[in-house]
There are 2 protein chains.
Amino acid sequence: MTDDGTTTTLTPDECWAVLAAQPIGRLATAVAGEPEIFPVSHAVADGHVYFLTRPGSKLVEVTVNNRVAFEADEWRFDTASSVVLKGTAEVLEKDEDIAAAEATELVPYLDDGKNVWVRITPTEMSGRRLTR
Amino acid sequence: MTDDGTTTTLTPDECWAVLAAQPIGRLATAVAGEPEIFPVSHAVADGHVYFLTRPGSKLVEVTVNNRVAFEADEWRFDTASSVVLKGTAEVLEKDEDIAAAEATELVPYLDDGKNVWVRITPTEMSGRRLTR
């Protein structure tokens with residue numbers, strides 16, 4: 001759907017395609033009115049976003065039981081696409097959930113001991129593509 | 001300063017260099033406990049981050065008088081750098097402030113009528129570089 005000739009709204013499938021194509025996204029949280037933002041290596045599967053973090057990390061602390069926003073974007077010479085989803089994040093503890101996360105075959109940029117899986121379940125998602 | 005052999009903390013000058021080298025960053029806000037995240041084309045000058053938005057846009061609404069976080073990152077084969085700053089955002093109204101913003105010669109990805117300058121004044125900044 002073209003809005004104004006230069007900005008296109010992405011369908012949900014297109015949003016997931018952008019999220020899946022980008023290895024890096026940014027997680028935003030809001031705790032006590034203070035925004036935080038973290039770049040993460042992520043994977044997507046079955047309508048969820050997955051990433052790894054360290055046990056006891058600040059990222060665990062701020063994401064658990066809090067609303068999060070997650071964004072990924074893709075910049076090319078003539079198009080720029082960005083997807084933002086909002087939802088909730090949870091640390092995975094059940095074997096079957098961890099198995100589903102591992103099945104994404106996520107490869108973090110740096111293998112530095114991150115072994116806690118976090119899963120984001122979106123409640124809303126929007127994406128747009130600029131064409132110039 | 002090397003923390004653990006694979007993660008280096010960036011100096012303030014190095015943080016500004018990463019912010020200046022990246023045309024795109026992400027702004028996070030927290031309004032009523034709800035995080036928002038927006039990709040923006042930005043420029044830096046004199047210890048501030050500048051970007052353009054539209055009059056009356058949601059971005060204006062959520063950034064004004066609110067704490068914001070801003071992040072930019074740079075991914076290469078063997079190093080990944082990210083910088084996060086926190087601070088306050090304000091819409092520029094004074095001629096001299098707008099002149100300073102215009103002097104950054106910011107070129108938005110898409111010239112689509114954004115003509116309201118927003119300036120972020122950081123209160124804290126941190127950056128790190130992963131080497132693999």
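Computation of the quantities below employed the complete heavy-atom set of this structure, encompassing side-chain atoms and omitting hydrogens, waters and symmetry-equivalent molecules. Labels below follow one simple rule: chain letters A, B, ... track the order of the sequence lines, proteins then strands, and each chain is numbered from 1. Since this is a predicted model, take the numbers as computed values, not measurements.
Between chain B and the options Phe70(A), Phe38(A), Trp75(A), the largest number of non-hydrogen pairs under 4.5 Å is found for Trp75(A).
Identified under the side chain to side chain donor-acceptor pair (under 3.5 Å) test for residues 37-52 of chain B, with sequence neighbours left out: His48(B)-Thr121(B).
No side-chain heavy atom of Thr7(A) sits less than 4.5 Å from a side-chain heavy atom of Arg129(A). Contact annotation: the side chain of Leu106(B) approaches that of Leu52(B) to within less than 4.5 Å [non-hydrogen atoms, C-beta and beyond]. Residues Val49(B) and Trp16(B) have side chains in contact (heavy-atom distance under 4.5 Å, counting atoms from C-beta outward). At least one side-chain heavy atom of Arg67(B) sits less than 4.5 Å from a side-chain heavy atom of Thr123(B).
Environment of CD in Glu124(B): crowded, with over 12 heavy atoms of neighbouring residues, nucleotides or ligands closer than 6.0 Å.
The minimum heavy-atom distance between Pro12(B) and Met125(B), with the atom names listed, is O-CE, 3.9 Å.
Only the side chain of Ser82(B) comes within contact range of chain A, judged by heavy atoms closer than 4.5 Å.
Inspection of non-hydrogen atoms places no residue of residues 94-104 of chain A under 4.5 Å from chain B.
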